[in-house]
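Side-chain atoms are counted along with the backbone in the values below, which use heavy atoms only and exclude waters and symmetry mates. All of these numbers come straight from a predicted model, not from anything done at the bench. In what follows, residues are counted from 1 in the order of the sequence shown.
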Amino acid sequence: MTTDQLKTLLGNHKFALLVAFLMLIMLGFGFQLARYIDKGDRLIVKAQKETIAILSNENNKLTTRVNQLDVEMELTQLESESLTKTLVETRRQLEEQQQLLTFYERVVAPEKSDSVFVADDIEVFSLGDNNYQLRMVLLQPTQQKSVINGSLQLSIKGALGGKTVAYTTNGDNFIGDDIAFRFRYFQAVSVDFSLPETFEPESLSMSTTVYRYKTNKGNYERTLLWSDIETDISRSDVSQSPVSTL
């Protein structure tokens, strides 16, 4: 049935009422549909907000944990550095104690050596401008601890102007006099001296005749390479020290 036929059948008045009624039904359906869609959108937005809140909370927790781990790692690194420094310092102290123990063993345990005289812990420090300081400890490692005495002669051999040259105590103005010693157990020695500007030292020789009172107890000679006894000045406090005896 067409619209014109329906209009003729119902008449203009009834047809208009029918059209108005259908429009009202369509409006109501559209309104309900819109409310349903809007309700669904609100539920979706609510769910999204809840998801965002949950994810934000998790993100905050993870960020806090990351910051805590960063702090823990920093503390661990600091502790590791501290332990490393402590270990290095402990090792250094152990080495110093071992050297000290070796030194006193040679003093109080004479059965380990038959020598009447020994020069030990020999070091040469460069003070700059061809100035040097020689340090050593003179020991009496024999069992009989009577006073011994003598004069220790030093000789420094090296190259000067392409020639081999030796400077000795009592023989020039560079090293000075022989080192006089007199002790029962040991004697620490510190000697300052200078060498020519272009002189390149290669070795240090020491020699002496040891006396117990006025009795000749034997000779002592020793030669060391300069490279083996020269020490970096930054490793030790170098100052002019008096000769100490015991």
Look up atom [atom1] in [X] and atom [atom2] in [Y], then write down how far apart they are to the nearest 0.5 Å.
X	Y	atom1	atom2	answer
I52	N57	CD1	CG	13.5 Å
T76	E72	OG1	CD	7.0 Å
L152	Q187	CG	CD	10.0 Å

Using modelled atom types only, decide if a donor and an acceptor are shared between the side chain of [X] and the backbone of [Y] within a distance under 3.5 Å.
X	Y	answer
T90	T86	yes
N216	G218	yes
T168	L154	no

Determine the minimum heavy-atom distance between [X] and [Y], stating which atoms define it.
X	Y	answer
Y213	N149	O-ND2, 3.3 Å
N130	E197	ND2-O, 3.2 Å
A119	L138	CB-CD2, 3.9 Å
F183	F181	CE2-CD1, 3.8 Å
D178	S151	CB-CB, 4.0 Å
V116	Q140	O-CG, 3.5 Å

Between [Y] and [X], is there a side-chain heavy-atom distance shorter than 4.5 Å?
X	Y	answer
F193	I156	yes
L224	I122	yes
D192	Y132	no
L139	F117	no

Please output the side-chain donor-acceptor pairs of residues 58-65 that fall under 3.5 Å, not counting sequence neighbours, one pair per line with the distance.
from	atom 1	to	atom 2	distance (Å)
N60	ND2	S56	O	3.2
T63	OG1	N59	O	2.8
T64	OG1	N60	O	2.8
R65	NH1	Q68	OE1	3.4

Please tell me whether Y167 and F199 form a close aromatic pair, meaning their ring centres lie under 6.0 Å apart.
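So the answer is yes for these two rings.
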Stepwise side chain to side chain donor-acceptor pair (under 3.5 Å) check, S205 with T223:
CA-CA 4 Å; S205 298; T223 299; 3.0 Å; yes
What residue pairs, at least two apart or across chains, pass ring pair (Phe, Tyr, Trp, His ring centres under 6.0 Å) with a residue in residues 38-80?
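Counting only pairs at least two positions apart or across chains, no ring pair (Phe, Tyr, Trp, His ring centres under 6.0 Å) contact touches residues 38-80.
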Take R135 and Q133, measure what side-chain contact (heavy atoms from CB on, under 4.5 Å) needs, and give me the verdict at the end.
CA-CA 7 Å; R135 286 187 176 184; Q133 183 177 97; 2.9 Å; yes
Are a donor atom and an acceptor atom from the side chains of E123 and T231 found within less than 3.5 Å of each other?
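Side-chain D/A pair, E123 to T231: present.
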Checking side-chain polar atoms at under 3.5 Å, does Q93 have a donor or acceptor matched by the opposite partner on R91?
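Not at all, the side chains of Q93 and R91 share no donor-acceptor pair under 3.5 Å.
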Please step through side chain to side chain donor-acceptor pair (under 3.5 Å) for the pair N219 and T209, ending with a clear verdict.
CA-CA 4 Å; N219 298 323; T209 299; 2.9 Å; yes
